[in-house]
Undergrad: 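Next up is a structure, given as C-alpha cells.
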Amino acid sequence: MIDHQYIENLLDEAKNTSKERIQEVLDKAQRKEGLNHRDIAILLQVQHKDQLKEIFKIAGDIKKSIYGNRIVVFAPLYVSDYCVNNCLYCGYRRDNDFPRRRLSWEEIQHEVRLLEQMGHKRLALEVGEDPVNCDIDYVLDAMNAIYSTHTDRGEIRRINVNIAATSTENYRKLKEAGIGTYILFQETYHHPTYEAMHPKSLKGNYEYHLTAFDRAMEAGIDDFGAGVLFGLADYTFEVMALMLHNEYLEQKYGVGFHTISVPRLKKAEGMELDSFSHLVSDDMFKKIVAIIRLAVPYTGLILSTRETPEVRREVLRYGVTQISAGSCTGVGGYKESDSGKKVNQFELTDHRSPLEVLKELISDGNIPSYCTACYRQNRTGDRFMQLAKSGQIQNICGPNALMTLMEFALDYGDKELLTMVEAVIREETMKIEEEDLRNLTLKNLENLKNGERDLY
Ligand code: SAM
Ligand code: SF4
C-alpha cells in the first residue's frame with residue numbers, strides 16, 4: 001500500500017508540473033470532487049505565492065460549502081499512562097521514569113463529571129499501550145464508566161477511542177461497547193523513520209500498525225480516524241502516504257477515513273524538539289491542512305490544543321472541522337488542573353477553558369457544535385459519506401449544531417455567551433430555507449429554553 005520509491009518519484013516529477021496542469025488540479029478541487037494522490041503530489045510541490053493563495057482560497061470555499069461555519073468541540077480523556085513502548089517522541093515512553101497509574105472506575109467518573117461540567121458531550125479516550133496494566137477489559141470498563149456517568153446537566157454521548165493497534169477480536173469488543181470513531185495515528189508512514197522512532201517495542205511493527213484499520217473494519221468498526229505526527233519525517237511524503245492509505249481503504253472497503261488528525265510534534269518529557277529534523281513550520285502546517293481539505297472534502301479534520309489559539313484560528317478557515325477545548329493530556333489531568341497541578345503527555349499551547357474557546361469561535365463567525373446525532377442514529381461509515389456527498393447532511397447538521405449550542409449556553413454559559421448565542425441563532429435560523437425544517441428548529445429551540453434536553 002505504501003511504496004516509498006513510488007511516492008518519492010511522484011513527488012520528484014511533480015516539481016516540474018506546468019502551470020496549466022496545476023490549474024487543472026485546482027479546478028478539480030474547486031468542484032469538490034476530491035483529488036487522487038497524483039494530484040496531491042502536484043499541490044504539495046506548489047511554491048508560487050499566487051498558487052498557494054489559490055489553494056487556501058479553495059480550501060476555505062470547500063469548508064464553507066460543505067460544513068458551513070460549524071465546528072465540533074470535544075476533549076481528550078487520559079485514563080492510563082502505563083506504556084511498554086518507547087516512542088522517542090512521547091512523554092509516556094517506558095524509558096521515562098515516573099510513577100505510573102491508571103484511574104479506577106470512581107476516578108474516571110470524577111474526571112467525566114468535571115468534563116460534563118465544562119459542557120463536553122464527546123470524548124477521545126486515550127491510553128498508553130500495556131497488555132498487562134491496561135488490557136482491553138480495562139478499556140471496556142473505562143468506556144462503561146464514562147457512558148454511565150450522568151450529572152444533572154448532561155452526559156457523554158460519544159466516546160472516540162485512541163488506543164494502540166490491536167486484534168480483530170478486541171476491535172469487535174470495542175464495537176460492542178459503543179465505540180464512536182476508532183482513532184489511530186500512523187505517526188509516520190516512512191518505514192525507516194518508523195523503525196527508528198519505535199525501537200524494540202510492540203508498536204515497532206510497522207505492518208501491524210498500518211493494517212489496524214483493516215482489522216477494525218473486519219470487526220465492524222467502519223468509522224476510523226487516521227493521523228500523522230507531523231515532525232518525524234518529510235511532510236510531503238507523509239501527506240502522500242496518508243492519502244494512499246485512504247485510497248486503499250476506499251477501494252477495498254468502499255469507505256475511507258472518517259476523520260484525519262494533524263498533530264504537530266510538541267516538546268515532551270525526555271525529548272528535545274531540536275533533535276527532530278523534520279519539524280513543520282506554521283506555513284507548512286497551514287499548507288498541509290488546506291491540501292488535505294482539497295483532497296478529501298468530506299473527511300472531518302481534527303485539530304488539538306497542541307496548536308496556539310492564533311494557528312487554530314487560521315486553520316479553522318482552511319478546513320478544520322473539529323477541535324478540542326479545555327484539554328488535559330495527563331492521567332487524572334482534569335482533577336489535577338482543578339486543583340492547580342499539571343501532568344501532561346506532551347505540552348499544550350492552548351490552555352483556555354471551553355467557555356473562552358466558544359466565545360472566540362462565535363466572534364469569528366463559527367458555530368460550535370456538540371452534536372453526536374449521526375453516531376447515535378447509526379449514520380457511520382459509508383452511510384454518513386453518502387449523506388455528506390449528497391449535501392443532505394447540511395439539513396441535519398445545521399439545526400443540530402444550533403440546538404446543541406443553545407443547550408450549552410443554557411446549561412454552562414454565562415450571560416455574555418447566552419447573548420452571543422441568541423444573536424447567532426436568530427441569524428442562522430433565518431438561513432434555513434425549508435420552512436418545515438426552520439419551524440421545527442425554532443420549536444426545538446423554544447423547548448430547550450423550557451427545560452427539554454438532547455433534541456435532534
Ligand atoms: N498509545 C496509543 C498510541 O500510541 O497509538 C494511543 C495514543 S497516544 C496516548 C496519543 C498520540 O499522542 C500518539 O498517537 C502520538 O501521535 C501523540 N503524541 C505523542 N507524543 C507527542 C508529542 N511529543 N507531541 C505531539 N503529539 C504526541
Ligand atoms: Fe506509549 Fe502511545 Fe506514547 Fe508511544 S505514543 S509511548 S505507545 S503512549
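Whatever order the structure lists them in is the order used to number ligands and atoms, beginning at 1. What you are looking at is a predicted structure, and each value in this text was computed from that prediction instead of being measured. Residues take their numbers from the sequence shown, with the count starting at 1.
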Undergrad: For ligand 1, which is the ligand I care about here, please tell me if Glu187 has any N or O atom under 3.5 Å from one of the ligand's N or O atoms.
TA: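 Yes - when backbone and side-chain N and O of Glu187 are compared with those of ligand 1, one distance drops under 3.5 Å.
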Undergrad: For atom 3 (C) of ligand 1, which of Glu129, Gln186, Lys203 has the closest heavy atom?
TA: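 Nearest heavy atom to atom 3 (C) of ligand 1 lies in Lys203.
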Undergrad: Does the shortest distance from atom 3 (Fe) of ligand 2 to an N/O/S atom of Cys90 fall below 2.8 Å?
TA: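 Checking Cys90: at least one N, O or S atom is under 2.8 Å.
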Undergrad: Hey, which atoms in ligand 2 end up nearer than 4.0 Å to a heavy atom of Arg93?
TA: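 Answer for ligand 2: 6 (S).
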Undergrad: Which atoms of ligand 2 sit under 4.0 Å from any heavy atom of Lys203?
TA: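 The list of qualifying atoms is 2 (Fe), 4 (Fe), 5 (S), 7 (S).
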Undergrad: Kindly state each residue pair satisfying salt bridge (Lys or Arg N to Asp or Glu O under 4.0 Å) with at least one member in residues 272-281, sequence neighbours excluded.
TA: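 As it turns out, the salt bridge (Lys or Arg N to Asp or Glu O under 4.0 Å) pairs with a partner in residues 272-281, which skip direct neighbours, are Lys267-Glu272.
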Undergrad: Under the ring pair (Phe, Tyr, Trp, His ring centres under 6.0 Å) test against His190, which residue among Phe237, Tyr206, Tyr235 passes?
TA: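 That would be Phe237; it is the only one of Phe237, Tyr206, Tyr235 passing the ring pair (Phe, Tyr, Trp, His ring centres under 6.0 Å) with His190.
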Undergrad: Nearest non-hydrogen atom to atom 23 (N) of ligand 1 belongs to which of Phe185, Tyr78, Tyr89?
TA: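 Among Phe185, Tyr78, Tyr89, the closest heavy atom to atom 23 (N) of ligand 1 belongs to Tyr89.
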Undergrad: Ignoring hydrogens and geometry, is there a side-chain-to-backbone donor-acceptor pair from Glu107 to Ser104 under 3.5 Å?
TA: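 Yes, because the side chain of Glu107 sits within donor-acceptor range (under 3.5 Å) of the backbone of Ser104.
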Undergrad: Of all the atoms in ligand 2, which lie at a distance below 4.0 Å from a heavy atom belonging to Gly128?
TA: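 Matching atoms, with element in brackets: 8 (S).
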Undergrad: Hey, is Pro263 touching ligand 1 through its side chain, its backbone, both or neither, going by heavy atoms under 4.0 Å?
TA: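 No part of Pro263 comes within reach of ligand 1.
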Undergrad: Is there a nitrogen or oxygen of Glu126 sitting under 3.5 Å from a nitrogen or oxygen of ligand 1?
TA: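 Between Glu126 and ligand 1 (N or O atoms, distance only) the closest approach is not under 3.5 Å.
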Undergrad: Quick check on contacts: which atoms of ligand 2 are under 4.0 angstrom from a heavy atom of Asn85?
TA: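 In order of number, 7 (S).
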Undergrad: Counting neighbours of CG on Asp137 that are heavy atoms of other residues, nucleotides or ligands and sit closer than 6.0 Å, is the number greater than 12?
TA: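 More than 12 heavy atoms, drawn from other residues, nucleotides or ligands, come within 6.0 Å of this atom.
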